[in-house]
Amino acid sequence: MAEHAAHLTTASLSDERPSIFEVIAQDSLMIAVRPALQHIAKILAESNPQRYGTLWRWFDEIYSLLNLVLQQHFLAKTSASFSENFYSLKRIVLGNHEGPHSLANVGLPKGNHWRSLLFLVLIPYLKVKLEKLVSRLREEDDYSIQLPASPWKRFYKAFLAAYPFVNMAWEGWFLSQQLRYILGKAQHHSPLLTLAGVRLVRLTAEDIQAMEQRVASTAASQQSAHSLNNKLKRAVKRALGGVALSLSTGLSVGVFFLQFLEWWYSSENQETIKSLSALPLPPPPIHFDQETYSPLLPKLKTVCPLCRKIRANDTALSTSGYVFCYRCTYYYVKHHQRCPVTGYPTELQHLVKLYSPEG
């Protein structure tokens, strides 16, 4: 049994196929980089909105542009993305007879190169934008009082209903491909690699030696070039290479702090910190209205006292402090002019929309 599962964590010297843990780790690296940089941009925007507000508003576009420069640099120099090169992997063309022996510094063919760049940069950008759109539409739908009547509203209601199933099919596609890779039935762990026409293998000693020789030869050729045109081209390449090198160096150093940041800002750790540092909660207001229409408070704090379901679009009453669903408390206050729990006189202007820190 142990021998059967040993291929999941180890590989022989002649096996250039990376293990499932290596490919999952390199995928997780770029996934972890984005929220860390986003949190830094959020802190800067909150500390100085006038100077860094644009950085927060256009974070997705700025991040994608920097990601484009970074991935283009590594694909051209090492035939791999930044995270793949970080874990000593490279991309080779499917059906390449040379296989792992094709040197990484040669680069990928143009078609495979641009498809790889497209899937590394554009697909994550579109996925983030789609998730934000769905989140915004859901909030608008929860906050809306009137039922959707126009064809556009009916369309996005159908879109919101279908999105979870589309997302589940997308994630299931990736999961099934990873299972096939574990069982040795596929050459790649991601469907995007299939669409790009490449697969991942480990770097060889010849790859590392060839990349070092390329750096040395580039430095020598720069010293021998004296024409204005060559100087201009060299300056542009040096500037782009400097940006890419700065990004790669910063990410390489910062990756060691990502796990700490992920732990520090995890919900479990934040709950522990709040429990140790938060002041004791004040007691709820006295319930002086004992009529039968006043509902009993649910045991779960996330349940609305009116509809007895998980609250949607949390809204508090400033007269009593209790929290309900927006629709539930809106209609109740509109018809009864009182708090459903305490019976305090309440008007619609006393409804306060609550926002989570992440929002």
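Below, all heavy atoms of this structure are taken into account, side chains as well, without hydrogens, waters or symmetry copies.
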Compare every heavy atom of Val121 with every heavy atom of Ser64, then report the nearest pair and how far apart it is. O-CG1, 3.7 Å

Let me know which of Gln26, Gln177, Glu22, Arg199 forms a side chain to side chain contact (heavy atoms under 4.5 Å, CB included) with His189. Gln26

Give the minimum heavy-atom separation between Arg34 and Tyr63, together with the two atoms involved. NH1-CD2, 3.0 Å

Is a side-chain donor-acceptor pair under 3.5 Å present for Thr319 with Thr346? yes

Lys309 atom NZ, neighbour heavy-atom count above 12 within 6.0 Å: no

Side-chain ion pair, Glu84 and Arg91, N-O less than 4.0 Å: yes

Determine whether more than 12 heavy atoms belonging to other residues, nucleotides or ligands lie under 6.0 Å from atom CD of Gln349. yes

Separation between CG of Asn48 and CG of Leu55, rounded to the nearest 0.5 Å: 11.5 Å

Nearest 0.5 Å, please: how far is CG in Leu200 from OG in Ser79? 11.5 Å

Considering only NZ, NE, NH1 and NH2 on the basic side and carboxylate oxygens on the acidic side, decide whether Glu61 and Lys129 come within less than 4.0 Å. yes

Identify the heavy atoms of Phe324 and Cys339 that sit nearest to each other, and give their distance. CZ-SG, 4.4 Å

Is it the case that the side chain of Asn85 and the backbone of Ser88 share a donor-acceptor pair, with hydrogens and angles ignored and the cut-off at 3.5 Å? no

Run the ring-centre check on Tyr52 versus Trp56 and record whether the distance is less than 6.0 Å. no

Could you tell me if Lys353 sits above the aromatic ring of Tyr355, with its cationic atom closer than 6.0 Å to the ring centre and no more than 45 degrees from the axis? yes

Rounded to the nearest 0.5 Å, how far apart are CD1 of Ile24 and CG of Leu29? 13.0 Å

Can you tell me if CH2 on Trp173 sees more than 12 non-hydrogen neighbours from other groups inside 6.0 Å? yes

Decide if atom NZ of Lys334 counts as having more than 12 heavy atoms of other residues, nucleotides or ligands within a radius under 6.0 Å. no

Charged tip of Arg17 within 45° of Tyr181 ring normal and under 6.0 Å: yes

I want to check something: taking the side chain as every heavy atom from C-beta on, are Leu89 and Leu203 in contact at a cut-off of under 4.5 Å? no

Ignoring hydrogens and angles, tell me if any N or O in the side chain of Gln71 forms a donor-acceptor pair with the backbone of Phe82 under 3.5 Å. yes

Under the 3.5 angstrom rule, does the side chain of Thr329 hit a backbone N or O of Cys325 as a donor-acceptor pair? no

To the nearest 0.5 Å, tell me how far Asp27 CG sits from Tyr87 OH. 10.0 Å

Would you say the side-chain atoms of Thr78 pair up with the backbone N or O of Leu75, donor to acceptor, closer than 3.5 Å? no

Could you tell me whether a side-chain N or O of His73 sits under 3.5 Å from a main-chain N or O of Val69, the two making a donor and an acceptor? no

